[in-house]
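Written below as structure tokens is the structure these notes are about.
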Number of protein chains: 2
Amino acid sequence: MSNLHLLQPPEPAPDAFIAACPSRGLIARLGEKWALLAIIALADEPVRFGALKRRLEGISAKMLGQTLRTLERDGLVERSVLATRPIAVDYRLTRRGDDLLPLARSLKRWAETHLADIEADNRRYDEREAH
Amino acid sequence: MSNLHLLQPPEPAPDAFIAACPSRGLIARLGEKWALLAIIALADEPVRFGALKRRLEGISAKMLGQTLRTLERDGLVERSVLATRPIAVDYRLTRRGDDLLPLARSLKRWAETHLADIEADNRRYDEREAH
DNA sequence: CAGTATCCGATTGGATACTG
DNA sequence: CAGTATCCAATCGGATACTG
């Protein structure tokens with residue numbers, strides 16, 4: 001049997017620089033305002049909807065629901081309904097979510113540590129802009 | 001002179017979980033559809049506006065201009081006008097931009113490597129959804 | 001070449017009200 | 001408690017046309 005096919009990979013590597021590449025959509029989803037923050041908030045243990053809403057200060061129920069559904073659809077978060085009265089639902093990271101976690105944390109940390117300098121630059125830029 | 005102030009840091013550490021924390025705005029800006037991709041596209045060398053536009057397949061001039069202005073305002077990108085005829089403008093990463101680069105690349109790579117699995121999950125989810 | 005200005009449809013996201 | 005449905009304002013973002 002020929003080994004020629006080894007020289008011609010059947011699938012091109014995904015590349016977000018290419019417009020049609022769906023990885024761009026994925027990157028967009030991860031950027032979606034609450035996605036990474038939600039992942040970080042779920043880091044250590046299952047968290048209930050309400051608790052999550054409190055932890056992500058300022059999120060609306062609508063956005064939290066939407067964000068969680070997207071994360072579940074992407075296999076990053078698992079939803080389980082507990083048969084209590086009244087019902088409770090908790091969310092936890094999947095293995096894939098865990099895998100993304102360090103990256104999410106790094107980005108959050110990067111933003112937090114550079115924040116002060118960046119805000120200073122923002123002010124400088126805005127002053128120059130105003131002539 | 002007293003050292004008491006060392007026990008009471010004047011500024012709280014920024015924490016993106018807090019609604020008022022501006023680091024959340026920063027995270028949002030980095031998520032902004034083209035921001036990380038633009039940073040990656042500028043990784044190795046100064047790139048001209050037009051070249052950048054070609055590299056970020058599908059971006060409009062408007063969005064590219066907007067993205068670059070935001071990145072410049074955040075001190076991640078530096079813009080320099082070359083006195084040629086017709087004029088040329090190139091963009092390059094600042095030290096701070098370079099510092100963010102590995103993170104941006106990691107996120108892009110993560111998205112690209114998990115893409116296939118995630119799309120499979122998406123399809124499964126959508127089927128279940130449709131009953 | 002490197003943008004900006006404008007128009008306009010699509011998407012985002014909060015507030016409020018409602019449900020099992 | 002854990003959402004969903006609806007309404008609406010603000011923003012996003014592409015297409016097109018224009019400028020130094």
Side-chain angles (χ1 to χ4, degrees), chain A residues 16 19-20 24-38 41-42 46-73 77-92 125 128-131, chain B residues 16 18-20 24-38 41-42 45-73 77-92 125 128-131:
Chain A
R24 190 175 286 182
L26 176 56
I27 292 178
R29 261 170 284 157
L30 296 178
E32 250 165 26
K33 191 168 188 182
W34 296 103
L36 291 178
L37 243 34
L42 290 172
V47 184
R48 305 251 305 265
F49 187 91
L52 206 45
K53 184 164 183 324
R54 260 165 273 127
R55 204 173 291 192
L56 299 176
E57 205 183 299
I59 196 172
S60 62
K62 178 187 168 185
M63 285 316 297
L64 181 54
Q66 216 165 93
T67 300
L68 289 170
R69 217 176 314 130
T70 303
L71 292 176
E72 195 193 351
R73 198 178 97 105
V77 159
E78 190 191 326
R79 173 180 188 271
S80 36
V81 181
L82 285 59
T84 55
R85 302 265 7 203
I87 79 168
V89 178
D90 59 37
Y91 294 88
R92 76 188 67 205
Y125 184 96
R128 293 226 155 264
E129 211 57 10
H131 296 230
Chain B
I18 298 171
R24 191 175 286 183
L26 177 55
I27 291 177
R29 260 171 285 155
L30 295 179
E32 248 164 26
K33 192 169 187 182
W34 297 101
L36 292 179
L37 242 35
L42 290 172
E45 48 186 354
V47 184
R48 304 251 306 266
F49 187 91
L52 207 45
K53 183 163 182 324
R54 259 165 274 128
R55 204 173 292 192
L56 299 175
E57 206 183 299
I59 196 172
S60 63
K62 178 186 170 186
M63 286 315 298
L64 181 54
Q66 216 167 92
T67 301
L68 288 170
R69 217 178 311 131
T70 304
L71 292 176
E72 194 192 352
R73 198 178 97 105
V77 159
E78 189 192 326
R79 173 181 187 271
S80 37
V81 180
L82 284 59
T84 56
R85 302 265 7 202
I87 81 169
V89 178
D90 61 36
Y91 294 88
R92 75 189 67 202
Y125 184 96
R128 293 227 154 264
E129 210 58 10
H131 295 231

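Computation of the quantities below employed the complete heavy-atom set of this structure, encompassing side-chain atoms and omitting hydrogens, waters and symmetry-equivalent molecules. In what follows, chains are A, B, ... by sequence order, proteins preceding strands, each numbered from 1. From a predicted model like this one, the values you see are computed outputs, not experimental measurements.
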Q) So, for Lys53(A) and Ser60(A), which heavy atoms are closest and what is the spacing to 0.1 Å? A)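 Distance-wise, the nearest heavy atoms are CE-C, 4.1 Å.
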Q) Going by heavy atoms in the side chains, are Trp34(A) and Gln66(A) under 4.5 Å from each other? A)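 Contact flag for Trp34(A)/Gln66(A) side chains = no.
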Q | Heavy-atom side-chain contact between Met63(A) and Leu56(A) under 4.5 Å | A |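 Of all side-chain heavy-atom pairs linking Leu56(A) with Met63(A), none is under 4.5 Å.
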Q.
Does Lys53(B) reach a base, just sugar-phosphate, or nothing at all? Heavy atoms under 4.0 Å.
A.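 Nothing: the residue Lys53(B), judged by heavy atoms under 4.0 Å, touches no strand.
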(Q) Once you apply a heavy-atom cut-off of 4.0 Å, does Arg85(B) come out as touching a base, just sugar-phosphate, or nothing? (A)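 Touches nothing.
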**Q.** First of Met63(B) and Gly50(A) reached from the 5' end of DNA chain D, by closest nucleotide
**A.**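 Whichever sits nearer the 5' end wins; that is Gly50(A).
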Q. Starting at the 5' end of DNA chain D, which residue's closest nucleotide do you reach first, Ala61(B) or Lys62(A)?
A.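 Nearest-nucleotide comparison on DNA chain D picks Lys62(A).
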Q) To the nearest 0.5 Å, what is the distance between CZ (Arg79(A)) and CG (Asp90(A))? A)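 CG of Asp90(A) is found 10.0 Å from CZ of Arg79(A).
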Q.
Return the CZ to OG1 distance between Arg29(B) and Thr67(B), rounded to the nearest 0.5 Å.
A.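 Result: 13.0 Å between the selected atoms.
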Q | Along DNA chain D, first and last positions that approach a heavy atom of chain B under 4.0 Å | A |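 On DNA chain D, the outermost contacted nucleotides are dG13(D) to dA15(D).
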**Q.** Name of the residue among Val47(A), Leu64(A), Leu42(A), Leu71(A) meeting side-chain contact (heavy atoms from CB on, under 4.5 Å) with Tyr91(A)
**A.**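 Result for side-chain contact (heavy atoms from CB on, under 4.5 Å) with Tyr91(A): Leu42(A).
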(Q) My understanding is that a pair needs two contacts under 3.5 Å, Watson-Crick or G-U wobble. By that rule, which nucleotide pairs with dG20(C)? (A)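 Paired with dC1(D).
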Q) How close or far is atom C1' of dG14(C) from atom CG of Leu64(A), stated in whole angstroms? A)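 That distance rounds to 14 Å.
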